[in-house]
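One structure is given below, encoded as structure tokens.
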Amino acid sequence: MRTSWADLAANSAAENAGPGSSANNVGTGSNLAPTRPVYVPPHLRNRQPAAESPAPAPAYSGPSSGAGNSGSRYAAPRNDYRPGYGGGGGGRTGGWGNKSGGWDRGREREVNPFEEEDNAEEAFSEQENTGINFDAYEDIPVETSGDNVPPPVNTFAEIDLGEALNQNIRRCKYVRPTPVQRHAIPISLAGRDLMACAQTGSGKTAAFCFPIISGIMRGQSVQRPPRGVRTVYPLALVLSPTRELSMQIHEEARKFSYQTGVRVVVAYGGAPINQQLRDLERGVDILVATPGRLVDLLERARVSLQMIRYLALDEADRMLDMGFEPQIRKIVEQMDMPPPGARQTMLFSATFPKEIQRLASDFLSNYIFLAVGRVGSSTDLIVQRVEYVQESDKRSHLMDLLHAQRANGVQGKQALTLVFVETKKGADSLEHWLCLNGFPATTIHGDRSQQERELALRSFKSGNTPILVATDVAARGLDIPHVAHVVNFDLPNDIDDYVHRIGRTGRAGKKGLATAFFNDNNSSLARALSELMQEANQEVPAWLSRFAARSSFGGGRNRRSGGRFGGRDFRRDGSFSRGSSDYYSAGNGSGGGYGGSGGYAGGGYGPGVTSAWD
DNA sequence: AAAAAAT
């Protein structure tokens, strides 16, 4: 299959949350929209102590008291951690069974994360009803390796995530698990560590959130050790490389944990720390953070990692590259986090170079490696074009593209265009120039204040400034719906970054266009780029093939290792493989169409590449 | 060489 499974998948995760994209509902028959048949508002739910009387607060385990007993799940939500939560002496004195006492006082009204979104997405809902063909990614290639890999599931119903979580899954309009979810969720629920290759947008966030939330809900009560009164003890930590990505993960996690009593807090830099501190004080089970701010919080002893049971690293390859690694090691290895084996660790990334896997394996214990076919590599939905443009001609060339595109803008609005440049300075200057020339543009990069960054993103998403000039800060993971065109004004040096960038378009089963400006400065990318495009059945200009041929010797740096996956289990690289399962034999049970999907295999990959598989 | 991430 050569369609963009990952993007399809992606959107089951991200975009389905909007009311507009009702396409996936087909299967359920349940009318998703705001009809919430079974939903009982919080204030009513807790009115009636019901049959299950206020049991003497089985400590903090909250809904787990009702584990397996779905009806009672809501009877004792944990929303009322009270001020004493985690505080001195493990002060859960009030106990959450204590309805009359502190209930209303301590309880924060939980904002319904599903409703905020309904309005925000309204603007686009009209144009958004292209169908999403879920069958299209049924047979995505999947590779797993490691000891005793738990079998994948095909439906959410097969997994006992609990009624509250199931309800949120319905609210999100997820019909079926995406490939990464089908495999990763059972692995996580089995308590196993995981290294997963899957692009953000393939449903990854849910893949690690569901097991975490479910695990926290059914977890045994935790005595949080006394430390400073203000120290909090999250049970799960999710790290991501950019602030915006952390925000996005937090938004999603909030939806998944709505009314489960599981609290999600986000902490990142560039924003005043005080609000974040207050959020933490109100209790946190899952902390989503960028590394710098987290280190700050740890050093202030406002957060302790002592009780961490789940650790998830998003975009893990980025997190372990040269700039980040020391910080990550500090957090994971040099603070008070339980060691591998004593916690459950999940690493996700679209690409996993061997060296990064080696570093990452320090964090893992007897882990399972999971790879699902990669985004962008096999998609018909993203049309990739490469044009030879000299540096000096780039601006006028961009102008031509934008003019042409203005003509077929949707509903009088210019289609959203994301323009990637190499430098922050370049971003500012291009933005300025675009504005001067009558194209409403804004920019996002690391020299802008967090406020400016967030404003820019909002303004772009809303269509106010339909052109966003970005550095690689926006390349990874960000789910910006409705991007019609990604322009690589400056190509990246790494083909993986290219893949990440173009993955910002072609989502929700809609077509996307990616245009790259190529010139002699990019010759080191030529080979990888032309291979990638061939693999995706894109037309490769003859001049690019010539560049590729010229750089073919000595250009190993950018050579992609695996073709259809972003990585391959490095443990297999030795003369003998430590993993017990072989993906060509038993392990393949998971991998539906693996090896059989001609779209991938035939995709024009040279003979040399296949050999990378054995 | 650049970008990201704490103040």
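Chain naming here is simple, since letters A, B, ... match the order of the sequence lines and numbering starts at 1 in each. Both backbone and side-chain heavy atoms feed into the values below; hydrogens, waters and symmetry mates do not. Treat the numbers as computed from the prediction; the structure is a model and nothing was measured.
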What contact category does [X] fall into here, base, sugar-phosphate, or nothing, at under 4.0 angstrom with non-hydrogen atoms?
| X | answer |
| --- | --- |
| A:R243 | sugar-phosphate |
| A:G323 | base |
| A:R453 | sugar-phosphate |
| A:D296 | base |

Q) With sequence neighbours left out, what residues match A:W433 under ring pair (Phe, Tyr, Trp, His ring centres under 6.0 Å)? A)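 None.
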Q.
Taking the basic N atoms (NZ, or NE/NH1/NH2) and the acidic carboxylate oxygens, is any pair closer than 4.0 Å for A:R309 and A:D285?
A.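 Not counted as a salt bridge, because no side-chain N and carboxylate O are separated by less than 4.0 Å.
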Q. Quick one: salt bridge (charged side-chain N to carboxylate O under 4.0 Å, His left out) partners of A:K394, sequence neighbours excluded?
A.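 Once residues adjacent in sequence are excluded, the partners of A:K394 under the salt bridge (charged side-chain N to carboxylate O under 4.0 Å, His left out) criterion are A:E391, A:D490.
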Q) Who passes side-chain contact (heavy atoms from CB on, under 4.5 Å) against A:S459, sequence neighbours left out? A)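 With sequence neighbours excluded, A:S459 shows a side-chain contact (heavy atoms from CB on, under 4.5 Å) to A:N464, A:T465, given in chain and number order.
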Q. Does anyone know the first and last nucleotide of DNA chain B in reach of chain A, 5' to 3', at under 4.0 angstrom to a heavy atom?
A.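 Result: B:dA1 to B:dT7.
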**Q.** With A:Q334 via side-chain hydrogen bond (donor to acceptor under 3.5 Å, both in side chains) - residues at least two apart
**A.**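 A:Q334: no side-chain hydrogen bond (donor to acceptor under 3.5 Å, both in side chains) contacts found.
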Q. In chain order, what residues pass the side-chain hydrogen bond (donor to acceptor under 3.5 Å, both in side chains) check against A:S392, with sequence neighbours excluded?
A.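 By the side-chain hydrogen bond (donor to acceptor under 3.5 Å, both in side chains) rule, A:S392 matches no residue at all.
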